[in-house]
Amino acid sequence: MSDIVYLNGAFMPLDEARIPVLDRGFIFGDGVYEVVPVYSRHPFRLAEHLRRLQNSLDGIRLANPMDDAAWTRLVGEIIAKNDGDDQSIYLQITRGVARRDHAFPKHVQQTVFMMSSPLTTPPREQVEHGAPAISASDFRWLKCDVKSVSLLGNCLLRQLAVDAGAVETILFRDGKLTEASASNVFVVKNGVLLAPPKDNLVLPGITYDVVLEIARAREFLVEVRSISEAETRDADEIWVTSSTKEVLAITTLDGKPVGDGKPGLLFRRMHALYQDFKREVMRAR
Ligand code: PDD
C-alpha cells in the first residue's frame with residue numbers, strides 16, 4: 001500500500017495517473033493548489049486550507065468542484081489509502097483540458113488531482129542550530145496571495161538558495177520584506193515579533209496564522225506591519241514558517257550571522273509551543 005493518488009473521481013497508483021497534454025495546468029500553469037500537513041493521520045487546520053483554496057479559486061475565477069464536506073471526505077480517504085502517520089497532502093485543481101487559447105474555455109470540466117507524500121519536517125540538527133538563507137529581489141507577479149501552480153518565479157528563486165547551500169531565499173520588494181520562495185518570514189527585534197501583513201504580495205500562510213495565534217495567546221509582543229530590508233538585515237532573529245518547515249530559525253542571511261548566529265530565545269520558545277499546540281490539537285480529536 002503506497003502512492004495511491006486521486007484523479008478526477010478515481011483512486012489509482014501514482015504511476016497509472018495520466019492527464020492529457022492539453023490540460024491548462026500543463027500548458028498555462030492555469031490552476032491552484034494546497035499542501036495540507038497530516039499528523040497521526042489527521043489533517044492539520046484542514047478548514048483553513050479549504051478556505052484558502054476557495055480564495056485561490058476565486059482569485060483565478062474557477063468554480064470549486066466540491067464542497068468542503070466532499071473535500072474533507074476525499075482527504076480522509078487519501079490519508080487512509082497511503083502509508084505513514086505523518087503525510088503531506090497535495091491537491092491541485094486546473095481549468096481542465098481544452099485547445100490552446102489563453103481565454104477561458106467554456107463548459108470544461110476542471111482537473112482534480114490529489115497525492116500524498118511523507119511529511120518531512122526539518123531534522124533535529126537544523127532545528128537546534130538553525131539554517132542559512134540568502135536574499136533576492138522579489139520579481140514574482142502581484143497576486144502572490146493566490147496559491148497558483150504557476151510557480152516558475154518561486155522555483156527560480158528557490159534554486160538560488162540550493163545553489164548557495166541555503167534552505168531558503170528571503171525576498172524583498174521595493175525595500176520591504178515580503179516572504180521567502182516557499183515560506184513566510186518573521187523577524188524579531190528587541191523582543192518584538194514582527195510579521196509582514198497578509199496582502200497581495202505574500203501567500204497567507206496557515207502556519208503564519210498558527211504562529212501569530214500562539215504568540216498572542218502567550219503574550220509575545222507582536223507587530224504586524226511592513227518590515228524594511230534594513231530592519232530584516234539588522235534583526236535579532238529571523239524565522240521561516242510553512243506547513244512542511246513548521247517554524248525554523250534562519251541563522252545566517254547572505255553569509256552574515258543573524259543576531260548572534262544561533263537560534264534565538266523567542267524561536268526556541270515558539271518552536272516548543274508549536275509542537276505542544278500540534279500535540280494538543282491532535283489529542284483533542
Ligand atoms: N508552500 N509562502 C509561499 C510562497 C509558500 O509556497 C508557502 C507554502 C508558504 C507557507 O504557507 P503554509 O504555512 O500554509 O504552508 C508561504 C508549500 C508548503 C509548498 O508549496 O510546498
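We number each residue from 1, following the sequence as shown. Start at 1 and go down the list; that is how both ligands and their atoms are numbered.
- Taking every heavy atom of G205 and a limit of under 4.0 angstrom, the matching atoms of ligand 1 come to 11 (O), 12 (P), 13 (O), 14 (O).
- Between R52 and ligand 1, a contact under 3.5 Å exists for at least one N or O pair.
- In this structure, R225 places its CZ atom where more than 12 heavy-atom neighbours from other residues, nucleotides or ligands lie under 6.0 Å away.
- Scanning the protein heavy atoms around atom 13 (O) of ligand 1, the nearest turns out to be T207 OG1, 2.5 Å.
- At least one donor-acceptor pair under 3.5 Å links the side chain of R95 to the backbone N or O of R61.
- Of the protein's heavy atoms, A182 CA, 3.4 Å lies nearest to atom 6 (O) of ligand 1.
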Does the ring pair (Phe, Tyr, Trp, His ring centres under 6.0 Å) test come out yes or no for Y208 and F186, once each step is laid out?
CA-CA 8 Å; Y208 167 105; F186 289 82; 5.3 Å; yes
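- Heavy atoms of S181 found under 4.0 angstrom from ligand 1 belong exclusively to the backbone.
- Using a 4.5 Å heavy-atom threshold, the side chains of L119 and V38 count as separate.
- Counting protein heavy atoms only, atom 17 (C) of ligand 1 is closest to K147 NZ, 3.5 Å.
- Remark: ligand 1 and L203 share no N or O pair separated by less than 3.5 Å (distance only, no angle test).
- Residue K262 places its NZ atom among 12 or fewer non-hydrogen atoms of other residues, nucleotides or ligands, all under 6.0 Å distant.
- For S243, heavy-atom contacts with ligand 1 shorter than 4.0 Å involve the backbone as well as the side chain.
- Residue nearest to atom 16 (C) of ligand 1, selected from V210, T244, N184: N184 (by heavy-atom distance).
- Considering both main-chain and side-chain atoms, E179 comes within under 3.5 Å of ligand 1 through a nitrogen or oxygen pair.
- Heavy-atom distances between Y33 and ligand 1 reach below 4.0 Å in at least one pair.
- Atom CG of D174 sits in a sparse spot, with 12 or fewer heavy atoms from other residues, nucleotides or ligands closer than 6.0 Å.
- Ring geometry, F277 versus F44: the interplanar angle exceeds 60°, so the pair is classed perpendicular (tilted spans 30 to 60°).
- Atoms CG and OG1, on L171 and T232 in that order, are 11.0 Å from each other to the nearest 0.5 Å.
- Ligand 1 has no atom lying under 4.0 Å from any heavy atom of K245.
- Put simply, the side chain of E16 never gets that close to the backbone of P13: no donor and acceptor are under 3.5 Å apart.
- Within the listing of ligand 1, atoms 19 (C), 21 (O) sit less than 4.0 angstrom from a heavy atom of V35.
- Listed by number with element, the atoms of ligand 1 under 4.0 Å from a non-hydrogen atom of S242 are 10 (C), 13 (O), 15 (O).
- Contact annotation for N154 and ligand 1: only side-chain heavy atoms (C-beta onward) come within less than 4.0 Å of the ligand.
- A donor atom on one side chain and an acceptor atom on the other are not found under 3.5 Å apart for E246 and T121.
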